[in-house]
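Labels below follow one simple rule: chain letters A, B, ... track the order of the sequence lines, proteins then strands, and each chain is numbered from 1.
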Amino acid sequence: MRVTVIDYKAGNLTSVLKALHHLGAEPQVTDGDLALVDSAERIVLPGVGHFTATERLGATGLTGAIRAAIARGVPFLGICVGMQWLYSGSTEAPDQPSLGHFSEVCTRFCEGKEKIPHVGWNSLEIPPGNGAAPRLLAGVAPGEFVYFTHAYKAPVTPDTAAVTHYIEPFAAAVERGNVFGVQFHPEKSGGAGLRIIKNFLGAPC
Amino acid sequence: MLTKRIIACLDVHAGRVVKGVQFVDLVDAGDPATQAARHAREGADEIVLLDITATHEGRQTLLDTVRRTARELFVPFCVGGGIRSARDAEQVFEAGADKVSINSAALADPALIGEIGRSFGAQAVVVAIDARRDPQAADPVGDAQVFVHGGRKPAGRRAVEWAREAERRGAGEILLTSMDADGTRAGFDCELTAAVSQAVSIPVIASGGAGSVAHFADVFARGKADAALAASIFHFGVSTSRSLKEELAASGVSVRLPC
């Protein structure tokens with residue numbers, strides 16, 4: 001399977017590639033070769049760190065190519081900052097354009113007595129499905145723990161596939177059609193994380 | 001609910017895991033890749049590999065060790081020991097680490113924290129602080145001093161103030177080792193850990209002094225630690241991270257279980 005992983009110097013690329021290899025996929029990496037996006041059967045956008053890193057996607061023409069691939073029905077998975085990029089923006093970099101597949105804006109956790117960033121293993125609450133069971137989280141037990149490290153988060157909406165509580169409830173996973181996002185790091189979340197990546201690899205085109 | 005992390009620490013010398021009391025009487029404790037995978041399987045929330053070899057040849061061995069260890073490890077993986085420059089850090093990341101732990105080099109050149117953070121994200125930079133209470137000071141805990149070079153040399157910095165600066169410069173986490181408690185198995189220095197943890201907004205990992213399950217419960221409650229390092233949990237009859245966590249859960253600590 002041609003899984004294209006987008007390299008925009010976002011840190012967790014090596015770990016994501018390792019997990020894909022482990023699951024038998026043959027990932028190919030692009031930092032600007034649009035042909036690899038055009039021919040992709042799956043696209044993964046990793047990410048960790050600051051939202052401004054996504055600027056590179058616009059600068060290299062990857063944003064347009066990804067938008068076209070999503071429109072063709074190619075399954076897409078955004079991880080951490082890669083998930084946040086699916087929204088219409090983040091207050092971390094308010095002027096930074098993003099994909100806007102989901103209309104909401106990502107915001108920082110509210111300051112208070114809890115530490116920010118949210119770092120560590122936290123549990124997934126899978127909301128009762130409105131009809132369809134969440135495909136990305138198929139077989140993942142409610143309450144399963146996954147690894148987070150982030151200070152910004154997306155709001156809970158009808159597209160939210162899993163909710164996690166830290167300071168307030170936020171979207172730990174999102175899915176609509178062929179577009180998936182996870183705020184946590186499935187490549188660093190043990191067996192549960194590998195299962196989620198496997199589910200993504202098995203998602204119908 | 002965000003859980004308290006139990007981090008398994010492997011001391012590595014010349015490509016092998018070693019165990020010893022304060023680096024004396026090193027005993028071979030196996031292959032790092034095998035041991036790391038076993039710890040992850042047995043419930044550790046994270047793995048730290050500390051290179052205690054400080055030679056040039058040791059660096060290449062370390063990178064090879066990191067590469068082999070990272071290959072089949074799907075929990076967060078931090079590597080420390082002898083990382084002196086952004087280039088050193090980059091090589092360790094390329095070999096598969098998720099985080100690097102820097103200590104003496106950060107004190108010598110605090111800008112290194114931000115330099116690594118800008119390339120790899122703040123979450124990838126753990127600043128390790130070796131600290132000892134200052135019995136001469138009016139506030140021995142609040143004025144605890146930082147030491148470098150394996151605790152042999154005072155850095156002329158206060159732990160709390162250095163932790164704050166590290167955070168301001170972009171550290172993602174603090175790994176705090178109490179030199180007073182280290183090796184004693186008499187419990188973590190909860191006062192020192194709390195002083196540092198309350199001074200910063202980033203997570204603090206407590207290290208040094210673990211001797212019983214109750215010590216872990218104590219450093220999470222009184223010490224306000226976000227995570228605790230377990231280097232020798234086998235020394236006091238707890239066989240795995242999982243059994244440690246099961247006992248902690250029974251005493252009301254929120255941990256990742258099942259794991």
Side-chain angles (χ1 to χ4, degrees), chain A residues 9-23 46-53 80-81 108-109 111-125 141 143-151 164-167 184-197, chain B residues 1-7 40-41 43-47 66-67 70-78 90 92-99 116-126 167 170-174 197-198 200-205 224-227 245 254-259:
Chain A
K9 313 302 169 202
N12 65 336
L13 183 72
T14 313
S15 293
V16 169
L17 292 175
K18 252 179 9 184
L20 288 168
H21 278 297
H22 177 82
L23 292 167
V48 70
H50 202 277
F51 195 71
T52 50
C80 194
V81 172
R108 190 173 164 88
F109 283 114
E111 303 286 342
K113 66 182 177 64
E114 301 295 337
K115 291 192 168 183
I116 302 171
H118 171 223
V119 179
W121 296 78
N122 203 333
S123 52
L124 296 175
E125 191 177 286
E144 185 68 75
F145 290 99
V146 289
Y147 185 78
F148 292 87
T149 176
H150 63 121
T164 292
H165 294 261
Y166 185 71
I167 301 176
F184 54 89
H185 288 276
E187 74 282 6
K188 289 283 125 189
S189 295
L194 291 175
R195 173 179 279 267
I196 289 164
I197 298 173
Chain B
M1 186 179 195
L2 180 63
T3 55
K4 299 293 188 183
R5 282 174 286 158
I6 298 296
I7 302 177
R41 205 168 49 240
D45 296 315
E46 190 160 336
I47 306 292
V66 171
R67 214 169 280 122
R71 197 170 294 144
E72 292 292 314
L73 197 58
F74 300 106
V75 296
F77 179 38
C78 177
E90 188 184 349
V92 168
F93 287 125
E94 280 170 2
D98 302 299
K99 312 177 185 184
I116 300 173
R118 272 189 299 282
S119 300
F120 296 93
Q123 83 298 326
V125 188
V126 178
E167 174 180 32
E173 295 181 66
I174 301 288
S197 187
Q198 286 169 326
V200 295
S201 172
I202 53 178
V204 171
I205 304 160
K224 318 273 183 215
D226 300 284
K245 288 159 83 174
S254 171
V255 288
R256 178 177 66 109
L257 278 177
C259 57

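At distances below 3.5 Å, not a single donor-acceptor pair connects side-chain atoms of A/Ser123 with backbone N or O atoms of A/Phe145.
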For a salt bridge (charged side-chain N to carboxylate O under 4.0 Å, His left out) check, start with the C-alpha distance between A/Lys188 and B/Glu46, then their side-chain angles and the critical distance, and finish with the verdict. CA-CA 9 Å; A/Lys188 289 283 125 189; B/Glu46 190 160 336; over 6 Å; no

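Of all heavy-atom pairs between B/Ala227 and B/Ile7, the closest is CB-CD1, 3.8 Å.
Heavy-atom pairs under 4.5 Å with chain A peak, among B/Asp98, B/Ile202, B/Val200, B/Leu2, at B/Leu2. Heavy-atom pairs under 4.5 Å with chain B were tallied for A/His165, A/Lys115, A/Glu125, A/His50; the largest tally goes to A/Lys115. Interface check for chain A: of the options B/Val75, B/Leu257, B/Leu73, the most heavy-atom pairs under 4.5 Å are formed by B/Val75. The greatest number of non-hydrogen atom pairs below 4.5 Å with chain B, out of A/His118, A/Glu114, A/Lys9, is found for A/His118.
Between B/Arg5 and B/Asp226 there is no salt bridge, since no side-chain N of the basic residue sits under 4.0 Å from a carboxylate O of the acidic one. Salt-bridge annotation for B/Asp45 and B/Lys245: present, with a side-chain N of the basic residue lying under 4.0 Å from a carboxylate O of the acidic one.
Heavy-atom distances place no part of A/Leu13 under 4.5 Å from chain B, backbone and side chain included. Using a 4.5 Å cut-off between heavy atoms, B/Glu72 touches chain A through its side chain atoms alone. No part of B/Ser254 comes within reach of chain A, as not one of its non-hydrogen atoms sits under 4.5 angstrom from that chain. For a residue to count as touching a neighbouring chain, one of its non-hydrogen atoms must lie under 4.5 Å from one of that chain's; by this rule B/Arg256 touches chain A with backbone and side chain alike. Of the atoms belonging to B/Ala70, heavy atoms from both backbone and side chain fall under 4.5 Å from chain A.
A distance of 6.0 Å or more separates the ring centres of A/Phe184 and A/His150.
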